[in-house]
Amino acid sequence: RAVRSAMIYPAVLISLTLVAVIVLSVFVLPRFQVFFDSLGVKLPVTTRALLATTHFVQNWWWVMALFLLSGIASLIWARRNPIGRVKIDRFLLSVPVAGPLIKLVALERFCRVLSTLVRTHVHLPEALELAGNSTGNRVFENAIFEARKRVLQGEGLATPLEAANIFPSAAIQIFRIGEESGQLGSQLQQAASFYSDELDHKLKNFTALLEPATLLVIGGGVGFVAIAHGDMGVTLHWKAPMAAEGITGYTVSVSYDAKNFTEVATVPGTQFSLDVSKASDEGGTQFLIQTVYSDGTKVDGKKFSLKGNYK
């Protein structure tokens, strides 16, 4: 319960971050790509990577959903299947950080329940069966069940549990001392208290590290998206054609939001550059390229407009 409670806050943060990233990537970023495609602008690596991921999600979301549903269904089936349950529990015991916590929980439960049953004079084989079922882990349950068979054959308690190869050496020593001294109940109670304190200590360390680790992961994901969007500042480049007969140059007329009109003369063969990152959604930025002839006349050429803040 303590582990699950500690996981609630990070799970909520990660879920909200995923939703925000998906909304930005699936609904916002593709609108920019239409603009970039019309200009032929080469995007930064981070933006291209984010766009590629967006395209993959948009085109193959149904495959991802199918895999997710299949994985959930397989997990549910495995949890209900005895062999699958053992494999899942064995995998959980091998997971870094979480595995040792699960093992401590099983040890604490086993020692506490077995101590209570022994001190109330329940027969040891029956007490082992009940204590094994209380661990909540099929790997421990099966190991204790096999040890119970050897207890029934008169091999004592410590030796069969040691042969199970799942209990730590410290626990085996406690079992052996309690068995030999006739104080098995009290020794098991002390072991349960020790593992309980050890579990509390590890849980505090785990929860203390979990929050900064979660924030680091979230910050990395949000930072990548922010960099990808931040690299989308746009400069329009237009190279004027070489001078032809009767043409002396070109002019580029620019207006932001239907005001701040600017006319820039461009020499043939040179490049005209303009930062279009300030274009707004309302008026946008209009461009008119004109050809200037030797007699001073101007002929309208390419005309286009951009809208949206592209910075």
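Rounding to the nearest 0.5 angstrom, the gap separating the CD atom in Glu129 from the CG atom in Leu117 is 11.0 Å. Remark: Glu108 CD to Ser193 OG distance equals 8.0 Å, nearest 0.5 Å. Residue Leu93 holds its CG atom at 6.0 Å from CD1 of Ile166, rounded to the nearest 0.5 Å. Within the model, atoms CG of Leu75 and OG of Ser70 stand 12.5 Å from one another, a figure rounded to the nearest 0.5 Å. Of the inter-residue distances, the one linking Gln189 atom CD with Thr116 atom OG1 reads 6.5 Å to the nearest 0.5 angstrom. Between the CG atom in Asn133 and the CD atom in Glu141 there is a gap of 5.0 Å [rounded to 0.5 Å].
Nearest approach of Lys202 to Leu104, heavy atoms of both residues: CD-CD1, 3.3 Å. Residues Leu184 and Phe175 come closest through the heavy atom pair CD1-O, 3.9 Å. Considering all non-hydrogen atoms of both residues, Pro160 and Ala147 come closest at CB-O, 3.6 Å.
Within the 4.5 Å cutoff, the side chain of Phe56 has heavy atoms near those of the Met64 side chain. In this structure the side chain of Leu124 reaches within 4.5 angstrom of the side chain of Leu114, judged on heavy atoms.
Neither side chain, His201 nor Asp197, offers a donor N or O lying under 3.5 Å from an acceptor on the other.
Heavy-atom contacts from other residues, nucleotides or ligands closer than 6.0 Å to CG of Asn59 number more than 12. More than 12 heavy atoms of other shown residues, nucleotides or ligands fall within 6.0 angstrom of atom CG in Leu69.
Side-chain heavy atoms closer than 4.5 Å link hydrophobic residues (I, L, V, M, F, W, Y) into clusters, and following such links, even through other members, never connects Ile88 to Phe145. With hydrophobic clusters built from ILVMFWY side chains whose heavy atoms lie under 4.5 angstrom apart, Val151 does not share a cluster with Val122. Residues Val105 and Ile174 do not share a hydrophobic cluster, clusters being chains of Ile/Leu/Val/Met/Phe/Trp/Tyr side chains in contact below 4.5 Å. In the hydrophobic clustering of this structure, Leu68 groups with Ile76; members are Ile, Leu, Val, Met, Phe, Trp, Tyr whose side-chain heavy atoms approach within less than 4.5 Å, directly or through other members.
Salt bridge Glu146/Arg150: absent, no basic N to carboxylate O contact under 4.0 Å. Glu179 has no carboxylate O lying under 4.0 Å from a charged side-chain N of Arg176, or vice versa, which leaves the two without a salt bridge. Under 4.0 Å is where a charged nitrogen must lie from a carboxylate oxygen, and between Arg85 and Asp89 at least one such pair does. The existence of a salt bridge linking Arg148 and Glu126 is excluded, since no basic side-chain nitrogen approaches an acidic carboxylate oxygen closer than 4.0 Å.
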Checking side-chain contact (heavy atoms from CB on, under 4.5 Å) for the pair Phe167/Ile144: CA distance, chi angles, key distance, verdict?
-> CA-CA 10 Å; Phe167 290 93; Ile144 294 169; 3.9 Å; yes
For side-chain contact (heavy atoms from CB on, under 4.5 Å), just list the numbers for Lys103 and Phe140, CA-CA rounded to whole Å, side-chain angles, deciding distance to a tenth of an Å, and then say yes or no.
-> CA-CA 9 Å; Lys103 191 171 185 177; Phe140 271 87; 3.8 Å; yes
Where do Ser115 and Arg119 land on the side-chain contact (heavy atoms from CB on, under 4.5 Å) test, with the steps shown first?
-> CA-CA 6 Å; Ser115 170; Arg119 295 168 75 176; 3.5 Å; yes
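You'll find the ring centres of Tyr195 and Phe110 outside the 6.0 Å limit.
Distance alone, capped at 3.5 Å, places no donor-acceptor pair between the Ser134 side chain and the Val113 backbone. Listed for the Ser181 side chain is a donor-acceptor partner under 3.5 Å among the backbone atoms of Ile177.
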